[in-house]
Novice: 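Let me give you the structure first, and then I'll get to my questions.
Only this structure's heavy atoms are used, side chains among them; waters, hydrogens and symmetry mates stay out. Here the structure is a predicted model, which means the values were calculated and not measured.
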Amino acid sequence: MLAEDIRSRAARWRGLDQPTLPPDAPLAMPVQRLDLAPDTASHTTPGWMAARRGSLFLVVCAMTGLAAWQMYDVLSVAGLTVLEGMELGLFVLLFGWIALAGASAVFGFGQIVAGGGERLGIDTAAAIPALAGRTAILMPTYNEDPVRVMANLRAIDASLRRAGIADRFHLFILSDTTDATIAVQEEAVYWAQRQIDGNERLFYRRRERNTGRKAGNVAAWVRRFGAAYPLMVVLDADSVMSAPTLAHLVAAMQRNPDIGLLQTVPALAGGRTLLARLQQFAGRLYGPVLAHGLAWWHGGEGNFWGHNAVIRTAAFAAQAGLPTLPGRKPFGGDILSHDFVEAALLRRAGWRVHLVPTLEGSYEQGPPTLVDLTIRDRRWCQGNLQHIAVLPARGLHWVSRTHLLTGIASYLSAPMWLAMLVIGLLIALQARFASPDYFGDERSLFPQWPMQDPVLAAWVFVATMGVLLAPKLLALALALGRRRRRASFGGARRLLCGALAEMVLSALIAPVTMLSQSACVVSTLIGWDSGWKPQRRDEGGLSAGSVVRFYLPHTLVGLVLALAAYLVSLPLFFWMSPVVAGLVLAIPLALVTGQRQVGAAFARAGLLLTPEELNPPAELKRLS
């Protein structure tokens with residue numbers, strides 16, 4: 001009945017004979033070759049940027065080398081066994097991974113304190129700049145709720161109208177929807193909006209074939225309309241951006257003709273479950289320190305996160321046409337994590353790509369439950385592991401290759417942590433039940449006591465946790481030390497309690513995520529394709545039974561690890577308890593963190609509140 005009503009209204013509005021698309025303005029977008037570098041490549045790096053990167057990697061190498069030396073002393077009692085050698089190798093790789101994040105945060109902290117950073121002429125305190133030309137705002141959508149999509153676009157458009165710059169932007173809904181009922185609803189909602197406000201800058205286009213997924217959706221728009229728009233802003237279906245942010249981005253692109261892409265740091269907003277609030281709070285508190293650190297050493301070799309970014313259309317068309325990877329899925333076929341590759345191809349051709357951490361007013365929404373987080377991770381995992389085939393591409397800047405490697409490592413690190421945990425347990429079992437050899441292979445009058453130094457082991461653990469928590473502690477110190485920043489989270493007490501709650505809950509969730517991501521990696525490596533499913537953006541719809549089935553394996557793994565550790569020794573059991581607790585509690589954690597009522601209870605207690613919740617901007621008020 002609802003579908004019939006929507007169809008009848010759509011037919012009536014269609015009869016108004018209003019154009020849904022602007023005149024065609026074709027722009028060629030050739031498919032790029034990964035085995036051939038373009039002649040236009042230019043990778044000149046300023047000396048000061050090389051010094052920054054050199055100092056960063058020197059710090060990372062020094063930290064990792066010192067940690068490796070200490071860990072070797074812990075493990076090497078009478079020489080390294082095979083298991084101990086494997087444990088040491090995994091520790092070095094993983095410590096280097098967290099050391100890079102920790103060092104980036106330290107430099108980001110320094111940038112914020114010093115008030116520095118490459119601002120590209122952006123002054124957030126100044127009035128909205130005058131803009132030349134017209135920019136397209138693209139909202140790709142795939143089987144999403146049409147009412148929500150239109151609400152996000154209405155919020156953006158209302159902001160543009162208030163700022164007096166609406167005439168400088170055209171808004172496009174680029175539908176790849178395959179569900180016929182949703183497609184009818186999309187068209188009805190579009191025509192209803194046109195009828196309400198007579199917005200002739202709002203356009204709707206639906207593809208019949210979803211070739212290339214989101215990247216193909218945007219590419220199809222570029223090939224048909226790109227020549228009419230010097231710049232385009234690419235969004236996700238849950239994205240919202242304010243007019244001042246859009247204006248500053250566009251003006252910066254117009255002032256800097258060698259920049260091909262500017263990426264904002266979207267803040268998570270609008271979530272109501274405990275998990276959503278947890279992600280929002282962590283992103284808003286810790287995100288700026290990490291983002292400033294990345295911008296500090298990325299420079300013009302930044303990255304693209306797929307949305308909430310402004311792109312130079314002609315540069316994108318000339319250099320970012322994605323090839324189809326050879327071979328079968330999941331490694332072959334369409335490039336799923338297209339954003340990293342598009343940024344790398346732009347930089348390969350000499351265009352600068354920058355992260356802009358100083359601009360607020362850019363928002364998105366996070367997964368509401370742990371199950372939704374895992375489903376998203378499965379898709380992202382496949383896309384990032386696909387980059388293994390992109391790494392050998394000719395002509396890429398080494399920093400672009402580093403982005404690809406970090407994307408790969410972000411998922412491979414999970415099974416590495418799991419392997420390190422299991423190997424450590426096997427070493428403990430070996431020490432507990434295997435007969436020691438006190439004299440080794442050489443003749444000696446004195447025995448070699450096979451005893452590890454527990455004090456040194458504890459210090460290595462403390463140092464590792466310190467590096468892991470450094471970004472959070474630095475961000476917390478920065479917020480506590482600045483009155484306005486502190487007040488934006490509800491004051492010092494709420495900020496401290498919220499940070500403590502976030503660290504505890506995140507520590508419990510981390511082992512669950514580790515095991516889930518390890519399963520994602522294994523399923524990808526054995527050839528399972530994740531497919532292309534829309535992301536759930538609201539809580540509800542998951543029964544308790546489905547959550548139990550989903551996380552029962554995690555619980556069983558936790559119980560096995562707990563039993564094995566207890567059989568070795570009580571100290572080992574307590575040592576592993578943080579990991580074991582998260583796994584054993586996986587089911588109640590998933591159930592509790594996915595509840596809106598629990599999230600509301602935290603909010604009433606003043607915990608995990610964000611600046612956007614305490615003082616919501618006009619763009620988000622329209623969505624509440």
Novice: Before accepting this row, confirm whether a basic side-chain N of the pair Asp238/Arg148 lies closer than 4.0 Å to the acidic partner's carboxylate O.
Specialist: no
Novice: Tell me whether Gln254 contacts the main-chain N or O of Ala132 through its side chain, where contact means a donor paired with an acceptor under 3.5 Å.
Specialist: yes
Novice: Test your reading of the model: is there a side-chain donor-acceptor pair from Gln365 to the backbone of Gly271, 3.5 Å cut-off?
Specialist: no
Novice: Testing Thr141, Asp176, Asp236 for side chain to side chain donor-acceptor pair (under 3.5 Å) with Lys214, which one passes?
Specialist: Asp236
Novice: Checking Asn384 against Ser410 for the side chain to side chain donor-acceptor pair (under 3.5 Å) test, could you report, in this order, the C-alpha distance in whole Å, the side-chain angles of both residues, the deciding distance, and whether it holds?
Specialist: CA-CA 9 Å; Asn384 279 273; Ser410 66; 4.7 Å; no
Novice: Evaluate the side-chain proximity of Leu495 to Leu480: yes if any heavy-atom separation is below 4.5 Å, no if none is.
Specialist: yes
Novice: Look at Asp372 together with Arg376 and state whether they make a salt bridge at an N to O cut-off of under 4.0 Å.
Specialist: no
Novice: Counting only N and O atoms by type, is there a donor-acceptor contact under 3.5 Å from the side chain of Asp179 to the main-chain atoms of Thr181?
Specialist: yes
Novice: Check for a donor-acceptor pair, side chain of Ser159 on one end and backbone N or O of Ala243 on the other, with a separation under 3.5 Å.
Specialist: yes
Novice: Within the side chain of Gln263, is there an N or O that forms a donor-acceptor pair under 3.5 Å with the backbone of Trp305?
Specialist: yes
Novice: Closer than 4.0 angstrom, basic N to acidic O: yes or no for Glu613 and Arg284?
Specialist: no
Novice: Can you list the steps and then say if Gln517 with Arg378 is a side-chain contact (heavy atoms from CB on, under 4.5 Å)?
Specialist: CA-CA 7 Å; Gln517 290 185 346; Arg378 176 62 183 83; over 6 Å; no
Novice: Hydrogens and angles aside, do Glu186 and Ser175 bring a side-chain donor and acceptor to less than 3.5 Å of each other?
Specialist: yes
Novice: Between Glu502 and Lys472, does any side-chain N to carboxylate O distance fall below 4.0 Å?
Specialist: yes
Novice: Do Ser104 side-chain atoms and Leu100 backbone N/O form a donor-acceptor pair below 3.5 Å?
Specialist: yes
Novice: Indicate, with yes or no, if the rings of His387 and His403 have centres closer together than 6.0 Å.
Specialist: no
Novice: Donor-acceptor pair, Tyr142 side chain versus Arg213 backbone, under 3.5 Å?
Specialist: no
Novice: With the threshold set at 4.0 Å, does a side-chain nitrogen-carboxylate oxygen contact exist between Arg194 and Glu200?
Specialist: no
Novice: So, do Phe172 and Trp221 have ring centers that fall under 6.0 Å from each other?
Specialist: yes
Novice: Do side-chain atoms of Arg201 reach the backbone of Asp167 as a donor and acceptor pair under 3.5 angstrom?
Specialist: no
Novice: Would you call Glu301 and Arg53 a salt bridge, taking side-chain N to carboxylate O under 4.0 Å as the test?
Specialist: yes
Novice: Look only at the side chain of Arg277 and the backbone of Gly599, and say whether a donor-acceptor pair between them is shorter than 3.5 Å.
Specialist: yes
Novice: Taking the ring of Phe225 and the ring of Phe203, is the distance between their centroids below 6.0 Å?
Specialist: no
Novice: Using atom types as modelled and distance alone, determine if a side-chain donor or acceptor of Asn256 lies under 3.5 Å from a backbone N or O of Ala252.
Specialist: yes
Novice: Less than 6.0 angstrom separating the ring centers of Tyr229 and Phe169, yes or no?
Specialist: no
